[in-house]
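Convention: sequence-line order gives letters A, B, ...; per-chain numbering from 1.
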There are 2 protein chains.
Amino acid sequence: MCPAADPSAAAPAPPRTAVTRESVLDAALTLFAERGYHGTPLSEIAAALGIRTPSLYNHMGSKQDLLETILTRTLDDVLDGFADAVDGLGTPAEKLHAATRVYALRHATHRREALVVNRDAGGLDEPDRSRIRDRRREHERAVRAIIADGVRAGEFQVGDPALASFAILEMSVSIARWFRDDGPRTAAQVADEFAGYALRIVRYRP
Amino acid sequence: MCPAADPSAAAPAPPRTAVTRESVLDAALTLFAERGYHGTPLSEIAAALGIRTPSLYNHMGSKQDLLETILTRTLDDVLDGFADAVDGLGTPAEKLHAATRVYALRHATHRREALVVNRDAGGLDEPDRSRIRDRRREHERAVRAIIADGVRAGEFQVGDPALASFAILEMSVSIARWFRDDGPRTAAQVADEFAGYALRIVRYRP
DNA sequence: CCTACCGATCGGTAGG
DNA sequence: CCTACCGATCGGTAGG
């Protein structure tokens with residue numbers, strides 16, 4: 001209707017910095033997070049980088065490969081972050097607090113990655129889809145185990161550790177959907193608050 | 001690679017019941033929830049109904065119209081459910097418990113609708129996108145107001161009602177992502193448990 | 001409800 | 001990094 005003012009040409013000025021595999025992944029990450037994997041044509045990724053679509057193939061194997069790389073890296077970071085956060089901690093309460101804090105913080109500081117994981121993981125072809133899904137379950141199971149430990153130790157009171165872990169994990173994931181860098185709260189403030197919510201959900205009383 | 005065993009032909013047998021606007025909307029809802037709006041071609045909706053793609057236009061204006069109808073109905077139901085649930089209740093704790101319960105229950109029993117709202121609301125064109133977004137904010141504000149009331153009344157203890165309401169709402173939304181009808185818990189059990197979590201998050205002590 | 005068909009756009013390739 | 005181009009598929013229309 002109005003081709004002179006195309007609203008999908010979101011990138012205002014093609015930056016003439018060097019295009020690398022990393023800059024392609026970064027542009028793809030931004031656009032996948034905004035419009036979804038299926039809603040993002042390669043032509044828009046190219047336009048954001050100031051190059052033509054076929055030139056993207058100097059930096060990637062395929063559009064799927066872009067998604068797969070983004071998801072694999074993101075899940076690796078989440079699992080590493082979890083391991084680092086709980087390492088050396090003693091009680092289930094300490095572990096649950098630290099695990100929730102780092103998970104919540106990650107979702108405030110890596111919003112694009114979280115949005116793509118939650119929206120487009122199903123867009124992968126097998127066997128990558130199963131691999132990614134198993135990685136997510138690994139993290140879920142680890143958090144559930146902490147809660148179950150806390151229940152056994154008499155530290156927590158929940159009817160079902162699986163339900164509580166879903167609630168804690170998913171409220172943290174949602175931070176990616178509403179957090180703004182220029183908002184009234186810092187990422188660290190939100191993460192601390194949510195870590196506190198996690199302990200409340202499992203009825204931990206210090 | 002293997003055209004004889006096309007995995008995207010998910011509908012096994014085209015049911016030869018009457019195709020209506022409602023059955024088109026239902027098939028679209030199932031497929032949008034599974035693959036996303038942009039990931040679902042009209043040809044698959046038609047195939048699920050056992051008709052050809054152009055025949056869909058006897059029951060709809062456009063693909064966008066399908067999405068818009070699904071989202072509008074869903075948001076209407078959420079707001080109506082909220083109003084009915086808190087109507088006549090007295091204390092903030094009663095209201096928050098009832099509002100969370102009905103919201104959680106809805107996400108367990110209307111999983112497809114919830115997945116489409118959360119994934120594809122951005123796929124709408126203006127002005128529908130803004131209208132839908134405003135409806136969601138209306139619900140958020142109402143829940144936040146209950147929490148703020150509870151804090152003022154000394155019933156709840158939270159640093160920031162906005163943060164607590166996001167946590168409560170979004171953990172409930174997530175039910176749509178993992179709940180299974182054939183799982184170990186009924187929708188009502190999950191809803192009751194989550195309503196309890198909501199009161200824990202705001203530190204309500206009966 | 002169908003067949004026949006449209007222009008546009010998709011991801012991707014050839015060949016420099 | 002480009003132009004030129006590919007077959008496939010998209011949402012949608014014409015005309016019965």
Side-chain angles (χ1 to χ4, degrees), chain A residues 1-4 6-11 14-25 27-29 31-32 34-70 116 120 123-125 128, chain B residues 1-4 6-11 14-25 27-29 31-32 34-70 116 120 123-125 128:
Chain A
M1 255 192 180
C2 189
D6 183 356
S8 69
R16 292 282 21 174
T17 50
V19 174
T20 63
R21 175 163 171 84
E22 289 309 312
S23 67
V24 170
L25 283 165
L29 182 54
L31 287 162
F32 290 170
E34 266 174 27
R35 311 201 214 288
Y37 175 72
H38 287 301
T40 305
L42 288 177
S43 59
E44 284 193 25
I45 299 174
L49 294 162
I51 62 176
R52 305 286 179 179
T53 305
S55 304
L56 288 172
Y57 287 86
N58 292 311
H59 307 285
M60 68 179 202
S62 66
K63 192 188 178 189
Q64 275 268 333
D65 154 62
L66 247 32
L67 179 60
E68 198 266 320
T69 301
I70 289 169
V116 175
D120 293 313
L124 280 180
D125 289 334
D128 291 317
Chain B
M1 252 190 181
C2 189
D6 183 355
S8 71
R16 292 281 21 171
T17 50
V19 174
T20 61
R21 174 163 171 85
E22 288 309 311
S23 67
V24 171
L25 282 165
L29 182 54
L31 287 162
F32 290 170
E34 265 175 28
R35 309 202 216 290
Y37 175 72
H38 288 301
T40 305
L42 288 177
S43 59
E44 286 193 24
I45 298 173
L49 294 162
I51 62 175
R52 305 287 179 177
T53 306
S55 303
L56 288 173
Y57 286 87
N58 293 311
H59 306 286
M60 67 179 202
S62 66
K63 192 186 178 192
Q64 274 269 332
D65 154 62
L66 247 33
L67 179 61
E68 197 266 320
T69 300
I70 289 168
V116 175
D120 293 314
L124 281 179
D125 289 334
D128 291 318

Tell me which nucleotide among C/dG12, D/dG12, D/dC1 gets nearest to the side chain of A/L42.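 Comparing C/dG12, D/dG12, D/dC1 against the side chain of A/L42, the answer is C/dG12.
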Can you identify which nucleotide, out of D/dC10, C/dA4, C/dC1, has its nearest atom closest to the B/P54 side chain?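 So the nucleotide nearest the side chain must be C/dA4.
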In the structure I gave you, are the side-chain heavy atoms of B/I45 and B/L66 within less than 4.5 Å of one another anywhere?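 In short, these two side chains touch, coming nearer than 4.5 Å.
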Close side-chain approach of B/V19 to B/L56, heavy-atom, < 4.5 Å: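 A side-chain contact under 4.5 Å is absent here.
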Using both distances under 3.5 Å as the test, list the Watson-Crick or G-U wobble partner of D/dG7, or none.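 WC or wobble partner is C/dC10.
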Could you check which nucleotide pairs with C/dC1 in any of the strands shown, counting Watson-Crick or G-U wobble with both distances under 3.5 Å?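 By the stated definition (distances under 3.5 Å), D/dG16 pairs with C/dC1.
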Do any side-chain nitrogens or oxygens of B/S43 fall under 4.0 Å of OP1 or OP2 in D/dC10?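 Yes, within the criterion.
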Under 4.0 angstrom between A/R52 side-chain N/O and D/dC1 OP1 or OP2: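 Indeed not, no polar side-chain atom of A/R52 lies that close.
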5' priority, DNA chain D, between B/G61 and B/N58 [closest heavy atom]: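 That would be B/G61.
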State the OG1-CD distance between B/T53 and B/E44, to the nearest 0.5 angstrom.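 Between B/T53 OG1 and B/E44 CD, I get 10.0 Å after rounding to 0.5 Å.
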In Å and rounded to the nearest 0.5 Å, what is the NE2 to CG distance from A/H59 to A/D65?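 That separation rounds to 12.5 Å.
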Length of the line joining [X]:[atom1] and [N]:[atom2], which is rounded to integer Å:
X     : N      : atom1 : atom2 : answer
B/I51 : C/dC2  : CD1   : C1'   : 11 Å
A/L49 : D/dC1  : CG    : P     : 9 Å
A/R21 : D/dC1  : CZ    : P     : 14 Å
B/R35 : D/dC10 : CZ    : C1'   : 16 Å
A/D65 : C/dG11 : CG    : P     : 14 Å
B/H38 : D/dG11 : NE2   : C1'   : 13 Å
B/H59 : C/dC1  : NE2   : C1'   : 8 Å
B/Y57 : D/dG15 : OH    : P     : 17 Å

Under 4.0 Å between any heavy atoms, over every strand shown, what does B/T53 touch: base, sugar-phosphate, or nothing? Just pick one.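 Result for B/T53 = nothing.
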Show the nearest heavy-atom pair for residues B/G123 and B/L67, with the distance to one decimal.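 So the minimum-distance heavy-atom pair works out to C-CD2, 4.2 Å.
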